[in-house]
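No experiment lies behind these values; they were computed from the predicted model shown. Just so you know, ligand 1 is whichever comes first in the structure, and atom 1 is the first atom listed for that ligand. Note that the numbering runs from 1 along the sequence shown for the chain.
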Amino acid sequence: MTVVIGLTGSIASGKSTVSQMFSRFNIPVVDADRLSRKVVEPGESAYNKIVEAFGFQILQDDRTIDRKRLGKIIFSDEEKRQQLNSIVHPQVRQEMLEEREAYKAEGYPAVVLDIPLLFESRLTSYVDRVMVVYVDEETQLNRLMERDQSEREEAEERIQAQLSVTEKAKMADAVIDNNGSVEESFQQLKDILHQWNIV
Ligand SMILES: CC(C)(COP(=O)(O)OP(=O)(O)OC[C@H]1O[C@@H](n2cnc3c(N)ncnc32)[C@H](O)[C@@H]1O)[C@@H](O)C(=O)NCCC(=O)NCCS
Ligand SMILES: Nc1ncnc2c1ncn2[C@@H]1O[C@H](COP(=O)(O)OP(=O)(O)OP(=O)(O)O)[C@@H](O)[C@H]1O
C-alpha cells in the first residue's frame with residue numbers, strides 16, 4: 001500500500017530543498033508549484049481566465065505571464081489573491097490527484113505531494129501523513145530575501161500570505177527542523193522515513 005506524504009511548510013522554509021532529497025530514496029514527488037506553473041501556460045484554460053481577470057498588464061512580451069508582476073499584485077491584495085487561487089487551484093488539484101494515482105498504480109511504497117498551501121487549502125484528506133519543513137522566522141525572511149533578491153517588505157508580504165510555519169509545525173505528523181545544514185535536514189528525513197517504515 002502506497003503511503004501518501006504531504007510535504008509542506010511556509011515560503012522559503014525549505015520544502016523544495018527537502019523535496020529534492022526524496023529521489024535518494026526512490027520516492028516520487030508531485031510538486032504543486034510546478035503544476036501551478038504548468039496550468040497557467042498560454043493555451044491552458046487558466047491562462048485565459050487570468051488574462052481576463054488581471055488584464056494584459058500581467059503579460060510579458062512573449063505573452064507568458066509576468067510572474068513577478070502578478071505576484072506583486074496578489075501578495076498585496078487578499079481579494080485578488082483569492083481570485084487567482086480560484087482560477088488556478090482547481091486545475092492544480094485535479095492534476096495533482098492524477099499524478100498521485102499514477103504513482104500509486106505503479107506500486108511505489110510512498111509518494112510525496114509537495115503542497116505549499118496544504119493547510120490553507122484544507123487538502124489534508126489528500127495525504128496519509130503530513131511532514132512540515134520548519135525554520136525560524138528570522139532565518140525564513142533572510143533566506144527568502146537572499147533567494148529572490150527581494151526587499152524586506154515584499155518578502156514579509158509573501159510570508160504573511162500563509163499560516164505561520166510555527167502553526168503548521170503544530171499540526172504535523174513529523175517536523176524537519178531546517179535551521180541547520182542541508183545535511184542535518186537530510187538526516188532528519190532519513191530518521192522519519194525509518195520511523196514510518198518506508199525505507
Ligand atoms: C503569484 C505567482 C504568479 C508568483 O510566482 P513566483 O514564481 O514569484 O512564485 P512561485 O509560484 O514560485 O511561488 C513561490 C512560493 O510563494 C508561495 N505562494 C504562491 N502562491 C501563493 C498563494 N496563492 N498564496 C500564498 N502563498 C503563495 C508559496 O510558498 C510558493 O511556494 C504564483 O505564485 C502563482 O501563480 N500563485 C498562485 C498559485 C498558487 O497558489 N501556488 C502555490 C501552491 S499551489
Ligand atoms: N538548510 C539550509 N541551509 C541553508 N540554506 C537553505 C537551507 N534550506 C534551504 N535553503 C535555501 O533557502 C532558500 C529557500 O529554500 P527553498 O526554496 O527550498 O524553500 P521553499 O519552502 O521550497 O520555498 P517556496 O515556498 O518559495 O517554494 C533557498 O535559496 C535554499 O537554497
Side-chain angles (χ1 to χ4, degrees), residues 6-22 29-41 44 46-47 49-51 53-54 57-60 64-97 99 112-123 126 131-151 154-165 168-169 175-189:
L7 179 70
T8 194
S10 283
I11 188 166
S13 67
K15 293 181 303 304
S16 304
T17 300
V18 170
S19 177
Q20 287 157 21
M21 297 174 184
F22 282 96
V29 175
V30 178
D31 181 346
D33 274 345
R34 170 181 58 79
L35 290 174
S36 72
R37 290 172 188 271
K38 173 178 174 290
V39 302
V40 301
E41 286 170 355
E44 297 273 346
Y47 174 87
K49 290 174 187 167
I50 290 172
V51 176
F54 294 92
Q57 58 161 342
I58 52 98
L59 294 183
Q60 302 186 109
T64 59
I65 286 173
D66 183 331
R67 302 179 68 81
K68 196 94 177 138
R69 181 170 295 186
L70 184 53
K72 281 192 187 309
I73 294 171
I74 69 121
F75 286 114
S76 57
D77 184 321
E78 166 78 31
E79 195 178 325
K80 287 192 166 58
R81 184 159 69 248
Q82 293 311 333
Q83 186 180 16
L84 180 64
N85 291 348
S86 67
I87 294 170
V88 176
H89 288 184
Q91 193 63 29
V92 170
R93 285 197 294 267
Q94 180 184 323
E95 298 205 17
M96 201 159 39
L97 291 176
E99 288 193 17
V112 175
L113 304 191
D114 176 351
I115 312 175
L117 303 179
L118 180 79
F119 289 118
E120 292 89 339
S121 302
R122 296 180 172 78
L123 298 181
Y126 283 23
M131 184 185 290
V132 165
V133 183
Y134 172 81
V135 70
D136 64 55
E137 291 177 4
E138 178 79 16
T139 306
Q140 178 187 23
L141 182 65
N142 292 333
R143 286 180 183 171
L144 178 57
M145 290 169 68
E146 174 63 29
R147 183 194 69 186
D148 293 0
Q149 288 299 295
S150 56
E151 297 299 318
E154 184 182 354
E156 286 176 339
E157 275 182 349
R158 286 199 171 205
I159 291 170
Q160 293 309 317
Q162 294 181 13
L163 288 172
S164 78
V165 66
K168 296 186 181 183
V175 177
I176 290 180
D177 181 337
N178 192 37
N179 284 297
S181 69
V182 174
E183 181 53 33
E184 285 168 333
S185 294
F186 176 74
Q187 287 306 322
Q188 291 176 63
L189 174 62

Run the salt-bridge test on Glu154 and Lys68 with the 4.0 Å N-O cut-off and return the result as yes or no.
yes

Identify, for atom 18 (N) of ligand 1, the protein heavy atom at the shortest distance, and state residue, atom and that distance.
Phe75 CZ, 3.7 Å

For atom 3 (N) of ligand 2, what is the closest protein heavy atom, and at what distance to 0.1 Å?
Arg143 NH2, 3.3 Å

Write out the residue and atom name of the closest protein heavy atom to atom 23 (N) of ligand 1, then the distance separating them to 0.1 Å.
Asn85 OD1, 2.7 Å

Which segment of Leu84 sits under 4.0 Å of ligand 1 when only heavy atoms are counted
side chain

Nearest to atom 17 (O) of ligand 2, what protein heavy atom do you find, and at what distance?
Arg147 NH1, 2.9 Å

Would a 4.5 Å heavy-atom cut-off, applied to side chains only, mark Asn179 and Tyr134 as touching?
yes

Can you tell me how far apart NZ (Lys168) and OG1 (Thr8) are? Round to the nearest 0.5 Å.
4.5 Å

Any atoms of ligand 1 less than 4.0 Å from a non-hydrogen atom of Ile74? List them with their elements.
1 (C)

Under 4.0 Å from any heavy atom of Val182, which atoms of ligand 2 are there?
1 (N), 2 (C)

Could you measure the distance from the CG atom of Leu141 to the CZ atom of Arg158? Nearest 0.5 Å is fine.
13.0 Å

So, Asn178 side chain and Ser13 main chain: donor-acceptor pair closer than 3.5 Å or not?
yes

Determine, considering heavy atoms only, which of Ser19, Ser185, Ser16, Ala32 sits nearest to atom 22 (O) of ligand 2.
Ser16

Would you say Gln162 and ligand 1 have an N/O pair spaced under 3.5 Å apart?
yes

Does some non-hydrogen atom of Pro116 fall short of 4.0 Å from ligand 2?
no

What protein heavy atom sits nearest atom 21 (O) of ligand 2, and how far away is it?
Lys15 NZ, 2.6 Å

What part of Glu120 sits under 4.0 Å from ligand 1 if we count only heavy atoms: the side chain, the backbone, both or neither?
neither

Ligand 2-proximal atoms of Ser10, by part, heavy-atom distance under 4.0 Å
backbone

The protein heavy atom nearest to atom 44 (S) of ligand 1 is Ala32 CB, 3.9 Å

Using heavy atoms and a threshold below 4.0 Å, how should the contact between Leu117 and ligand 1 be classified: side chain, backbone, both, or neither?
side chain

Is there a heavy atom of Gly9 sitting under 4.0 angstrom from any atom of ligand 2?
no

More than 12 heavy atoms from other groups under 6.0 Å of CD on Gln57
yes

Within reach of ligand 1, part of Val40 (heavy-atom separation under 4.0 Å):
neither

Would Glu138 and Arg143 pass as an ion pair if we require N to O under 4.0 Å?
no

Numbered in order shown, the ligand 2 atoms found under 4.0 Å of a heavy atom of Ser181 are 1 (N)

Any donor-acceptor pair under 3.5 Å linking the side chain of Ser121 with the backbone of Leu118?
no

As an exercise, identify every atom of ligand 2 less than 4.0 angstrom from a heavy atom of Ile11.
25 (O), 26 (O)

Can you report which non-hydrogen protein atom sits closest to atom 8 (N) of ligand 2, along with the distance?
Asn178 ND2, 3.0 Å

Is atom CD of Glu137 surrounded by more than 12 heavy atoms (other residues, nucleotides or ligands) closer than 6.0 Å?
no

Under 4.0 Å to a heavy atom of Arg37 - the qualifying atoms of ligand 1, by number
7 (O), 10 (P), 12 (O)

Among protein heavy atoms, which sits nearest to atom 42 (C) of ligand 1, and what does the distance come to when rounded to 0.1 Å?
Asp33 OD1, 3.5 Å

Distance to 0.1 Å, residue and atom name: give those for the protein heavy atom nearest to atom 39 (C) of ligand 1.
His89 NE2, 3.5 Å

Atoms of ligand 2 close to Asp33 [distance to a heavy atom under 4.0 angstrom, numbered from 1]:
27 (O)

Under the side-chain contact (heavy atoms from CB on, under 4.5 Å) criterion, do Leu84 and Arg81 qualify, and how do the steps go?
CA-CA 5 Å; Leu84 180 64; Arg81 184 159 69 248; 5.8 Å; no

May I ask you to identify the nearest protein heavy atom to atom 19 (O) of ligand 2, giving residue, atom name and distance to one decimal place in Å?
Gly14 N, 3.2 Å

Closest approach of Gln140 to Ile11 (non-hydrogen atoms, all atoms of both residues):
NE2-O, 2.8 Å

I'd like to know whether CD of Glu44 has more than 12 heavy-atom contacts from other residues, nucleotides or ligands below 6.0 angstrom.
yes

Among protein heavy atoms, which lies nearest atom 9 (O) of ligand 1, and at what distance?
Arg158 NH1, 3.4 Å

Could you say whether the N/O atoms of Ser13 and ligand 2 ever approach to under 3.5 Å?
yes

Between Met21 and Phe186 the two heavy atoms that sit nearest each other are SD-CA, 3.6 Å

Taking atom CD as the centre, does Glu183 end up with more than 12 heavy-atom neighbours from other residues, nucleotides or ligands that are less than 6.0 angstrom away?
yes

Nearest 0.5 Å, please: how far is CG in Leu113 from CE in Met96?
6.0 Å

Distance in Å, Phe75 CZ paired with Ser150 OG, rounded so as to fall on 0.5 Å steps:
11.0 Å

Heavy-atom distance to atom 24 (N) of ligand 1: which of Arg93, Gln160, Arg81, Gln91 wins?
Arg81

Run the numbers for me: atoms of ligand 2, each under 4.0 Å from some heavy atom of Thr17, listed by number.
8 (N), 9 (C), 15 (O), 16 (P), 18 (O), 30 (C)

Tell me whether Thr139 contacts the main-chain N or O of Val135 through its side chain, where contact means a donor paired with an acceptor under 3.5 Å.
no

Counting heavy atoms only, which part of Arg67 comes closer than 4.0 Å to ligand 1: side chain, backbone, both or neither?
both

What's the shortest distance from atom 41 (N) of ligand 1 to any protein heavy atom, and which residue and atom give it?
Ser36 OG, 3.9 Å

Atom 16 (O) of ligand 1 [closest protein heavy-atom partner, distance rounded to 0.1 Å]
Ile11 CD1, 3.4 Å

Taking heavy atoms and a distance under 4.0 Å, where does Val18 meet ligand 2: side chain, backbone, both or neither?
neither

Ser19 pairs by side-chain contact (heavy atoms from CB on, under 4.5 Å) with which of Asp114, Asp31, Val133?
Asp114

Would you give the length of the straight line joining atom CG of Leu123 to atom CG of Leu117, rounded to the nearest 0.5 angstrom?
8.5 Å

